[in-house]
Number of protein chains: 2
Amino acid sequence: MNSPKNTVTSKDVAKLAGVSQSTVSRVFIPGSSVSEKTKQKVFEAAKALNYRPNAFARSLTTNESRLIGLVFPDADYPIHMKTLQLISSELQKQGYSTVLIPWQVDEKDNHSIPNIFQYRVDGVIAASATFNKTLYEECEEFNIPVVQYARVVEGTRSSYVISDNYEAGQQAAQLLHKTGVTSAVYLTGEVPTFTNVERKNGFIAEFEELAGQTPRVVEASYDYTSSLDTIRELLQTSQRPEAVFCATDNLAMAVMDVARLECGLDIPDDLQVIGFDNIPQTEWLSYQLTTFRQDFKRLARESVKIIVDQICNQNSSLVKMMVPVKLIERKTTKV
Amino acid sequence: MNSPKNTVTSKDVAKLAGVSQSTVSRVFIPGSSVSEKTKQKVFEAAKALNYRPNAFARSLTTNESRLIGLVFPDADYPIHMKTLQLISSELQKQGYSTVLIPWQVDEKDNHSIPNIFQYRVDGVIAASATFNKTLYEECEEFNIPVVQYARVVEGTRSSYVISDNYEAGQQAAQLLHKTGVTSAVYLTGEVPTFTNVERKNGFIAEFEELAGQTPRVVEASYDYTSSLDTIRELLQTSQRPEAVFCATDNLAMAVMDVARLECGLDIPDDLQVIGFDNIPQTEWLSYQLTTFRQDFKRLARESVKIIVDQICNQNSSLVKMMVPVKLIERKTTKV
DNA sequence: CTGAAAGCGCTTACAG
DNA sequence: CTGAAAGCGCTTACAG
């Protein structure tokens, strides 16, 4: 059953290098006092034997795992892959490894959580649309710091770093008002996430302020296909808006498709469209969508910085950070 | 520094339950001989104290970590998120947790690998376009089994489970021949991956067999935007093919966009297009792309099954598995 | 079925 | 700067 694996221990290295086991251990702990000469001897022996310190044994004594649990989204929303990549390599730079916490909404099977806490993660980064309160409470119970990435779940009291969605909403309103729009719609998905609500609020407040009109809010779905009917209704009514600001690029593209292919509308002349996320498809020839880019790299870096700080400093306080977004003007809005 | 965390140990539980520490341990090892009565006492005490066995301590004695390293892609190709989700939850069902092995191609920084081996993963699943030979060799050295998911890297000798790409190529050829196509192009990305080459070969062989013509192979890129020029050339020449089979859906959509928006062609009347992957965009109104769906769920399940088997049975042999793909006919091919 | 004890591979005071 | 020894929280023969 037990495969041989790499069974080289610090004792083996010690023997080969002619030093004690504790000395070998010290060599691999940054900042320990070891003479340059023995350090070299040990390194050589370690390399010869292909020695790797056993992280489990280390964790057992130090009481820190240098493992971060990552809660990730279940949707295959295109943006998320990069997120994982960014967070994981940022974490690695700080000496942490990433262990996945797969989180199924639909399954009631609670076994999923306990499992992962057997590994004593030092902290949790929640980059998930489905991170929920149960997991959050588990973390609290075990006194594990958590930071939410790019979103914040209602009812949780953890650190988070998100894009400045309110400001994004304002910018969208400004852009549309500048081009003379007087009637606008905010098209949203079915679940009112905090970030999405913020964006809506910014949009509405700013548009009211500038244009003296309150944008209508229309609820569709976050899924392209299941939004189509709502969009058809939205566009065919006699009170069709001059512009629609969408909660996601997917939604915006659904609007474009229906507008052009089914209603024969011209974009941006008959209808202006703004998305959110800047997924790869936004720059395709068929779309050229005006949208907002979130600075995921910065979000990743900041959330890692926060979690590490939270781990190292016992009583560092919660931090809530807003990162600015970038408006990318393409061909679906007037200039 | 050391946060208190959950510091409840089996000793604490033992005391509360009035049994020995070894008994507590046994209770949490499936199949151990413990009387039902003490089992209950221990469970109660454990629940009261919110006890979780420490996986690190366990690993230290059992010499297995129940941790699988997952090498994941750096590209944000839409399909991959689901992959991660599938693999990770499949692994969880088998009692394994997933630790990420972020693999950067561009960085020469070799520190990335050693780090992860400190955690003594029991096995590695490589679901990456960038999984390379260095990592593969590291695994060999440590005697860690690896299985490649949905792809296979040249020069490696590990188990893998992939889609039957040769057959997919054949099916594409059959479909096109059936609709009377006599000139076809296989449009590929810049890197000739094994799976892609297989598909090309199947397509060419079958098309030659049926139509008596050899399809031309044109090399573009896997990226939409950087493929555009190649596609323009391909379509504007007087020898424009009647059909093009593309290595990815992205590529196929680039072909569609250029054909319709720039060349004024009708699809499928003037040009038939087949993609590969069945990404969400394929069913959008603008595309309705005929393509192939890989059975990622099955791929995930099989690769997990293989890796687990490889771990448990010392000398189980390599397994190479091909899973059939499914042709999805939409509107870009004739009936 | 249960307990006492050794051991897994490290880190970390404690001496020297 | 270095070594001997205790201890981290488990599992697992070994007795009973």
Side-chain angles (χ1 to χ4, degrees), chain A residues 1-43 45-46 49-67 117-120 122 142, chain B residues 1-43 45-46 49-67 117-120 122 142:
Chain A
M1 202 63 133
N2 290 346
S3 49
K5 282 205 200 173
N6 180 19
T7 196
V8 178
T9 76
S10 56
K11 216 184 281 178
D12 301 317
V13 177
K15 196 182 298 173
L16 182 60
V19 297
S20 76
Q21 182 270 330
S22 3
T23 298
V24 174
S25 177
R26 283 194 193 92
V27 168
F28 288 94
I29 298 173
S32 294
S33 59
V34 194
S35 82
E36 200 53 41
K37 221 176 81 187
T38 55
K39 200 179 272 188
Q40 286 314 320
K41 277 193 302 185
V42 170
F43 274 144
L49 298 173
N50 203 10
Y51 168 69
R52 298 277 191 287
N54 185 322
F56 297 146
R58 165 164 52 66
S59 296
L60 210 51
T61 47
T62 60
N63 198 28
E64 56 175 34
S65 63
R66 302 198 77 77
L67 237 34
F117 285 113
Q118 297 189 358
Y119 288 98
R120 304 292 194 267
D122 290 337
F142 287 100
Chain B
M1 204 65 131
N2 290 346
S3 49
K5 285 204 201 171
N6 180 19
T7 196
V8 178
T9 76
S10 56
K11 217 184 282 180
D12 300 319
V13 177
K15 195 181 298 172
L16 183 59
V19 297
S20 76
Q21 181 272 327
S22 3
T23 298
V24 174
S25 177
R26 283 196 194 92
V27 169
F28 288 94
I29 298 173
S32 293
S33 59
V34 195
S35 81
E36 200 53 41
K37 221 176 84 187
T38 57
K39 200 180 271 187
Q40 286 313 320
K41 278 194 300 186
V42 170
F43 274 143
L49 298 173
N50 203 9
Y51 168 69
R52 298 278 190 286
N54 184 323
F56 298 147
R58 165 164 50 67
S59 297
L60 212 49
T61 47
T62 60
N63 198 29
E64 57 174 34
S65 63
R66 301 197 77 77
L67 238 33
F117 285 114
Q118 296 189 359
Y119 287 98
R120 303 293 193 269
D122 289 338
F142 286 99

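Order of the sequence lines sets the chain letters (A, B, ...), proteins ahead of strands, with each chain counted from 1.
- In this structure, CD of A:Gln21 is placed 12 Å from P of C:dT12, rounded to the nearest angstrom.
- Around NZ of A:Lys15, the count of heavy atoms belonging to other residues, nucleotides or ligands within 6.0 Å does not exceed 12.
- Listed nucleotides C:dG9, C:dC8, C:dT2 differ in distance to A:Thr61; the shortest reach to its side chain belongs to C:dG9.
- The backbone N or O of B:Arg66 sits less than 3.5 Å from a side-chain atom of B:Asp122, completing a donor-acceptor pair.
- Close to D:dC1, at under 4.0 Å from its OP1 or OP2, lies a side-chain N or O of A:Ser33.
- Nucleic acid contact for A:Ser35: sugar-phosphate only, since backbone atoms but no base atoms lie under 4.0 Å from a heavy atom of the residue.
- If you check distances only, the side chain of A:Arg26 does reach the base of D:dG3 with a donor-acceptor pair under 3.5 Å.
- Atom P of nucleotide D:dG3 and atom NZ of A:Lys11 are separated by 15 Å, given to the nearest angstrom.
- The side chain of A:Val19 sits closest to D:dG3 out of D:dC10, C:dG3, D:dG3.
- Phosphate contact (OP1/OP2 of D:dC10, side-chain N/O of B:Tyr51, threshold under 4.0 Å): present.
- Counting heavy atoms from C-beta outward, B:Leu67 and A:Phe56 have side chains that approach closer than 4.5 Å.
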Are B:Val24 and B:Phe28 close enough, and set up right, to give a side chain to side chain contact (heavy atoms under 4.5 Å, CB included), and what steps lead you there?
CA-CA 7 Å; B:Val24 174; B:Phe28 288 94; 4.2 Å; yes
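- Closest-nucleotide positions on DNA chain C for B:Ala57 and B:Ser20 were compared, and the one nearer the 5' end corresponds to B:Ser20.
- Without hydrogens or angle criteria, A:Ser59 side chain to A:Glu64 main chain gives a donor-acceptor distance under 3.5 Å.
- Residue B:Ser59 has no polar side-chain atom (N or O) positioned under 4.0 Å from OP1 or OP2 of D:dC10.
- Whole-Å rounding puts the B:Asn63 CG to D:dT12 P distance at 11 Å.
- You'll find the side chain of A:Asn54 stays beyond 4.5 Å of the side chain of B:Tyr119, heavy atoms only.
- One interatomic measurement links the two molecules: CD1 of A:Ile29 to P of C:dA13, which rounds to 11 Å at whole-angstrom precision.
- The nearest whole Å value for the distance from the CG atom in B:Leu60 to the C1' atom in C:dG7 is 9 Å.
- Taking 4.0 angstrom as the limit, A:Ser10 places a side-chain polar atom (N or O) nearer than this to OP1 or OP2 of C:dC10.
- Not one side-chain nitrogen or oxygen of A:Thr23 sits closer than 4.0 Å to the OP1 or OP2 atom of D:dT2.
- Put simply, CZ on A:Arg120 is 14 Å from P on D:dC8, counting in whole angstrom units.
- Atoms OH (B:Tyr119) and P (C:dC8) sit 22 Å apart, rounded to a whole Å.
- Judged purely by distance below 3.5 Å, without hydrogens or angles, the side chains of A:Asn50 and A:Arg52 pair a donor atom with an acceptor atom.
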Read 5' to 3' with Watson-Crick or G-U pairs under 3.5 Å, [ ] for crossing pairs and | for partners on another strand, DNA chain D gives |||.||||||||.|||
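- For B:Thr38, the listed nucleotide lying nearest its side chain is C:dT2; candidates were C:dT2, D:dC10, C:dG9.
- Counting to the nearest Å, the P atom of C:dC10 and the CZ atom of A:Arg52 are 13 Å from each other.
- Contacts of A:Arg58 classified as salt bridge (charged side-chain N to carboxylate O under 4.0 Å, His left out), with partners at least two apart in sequence or in another chain: none.
- Among the atoms of the strands shown, only primed sugar atoms or phosphate atoms (P, OP1, OP2) are found under 4.0 Å from some heavy atom of A:Thr9.
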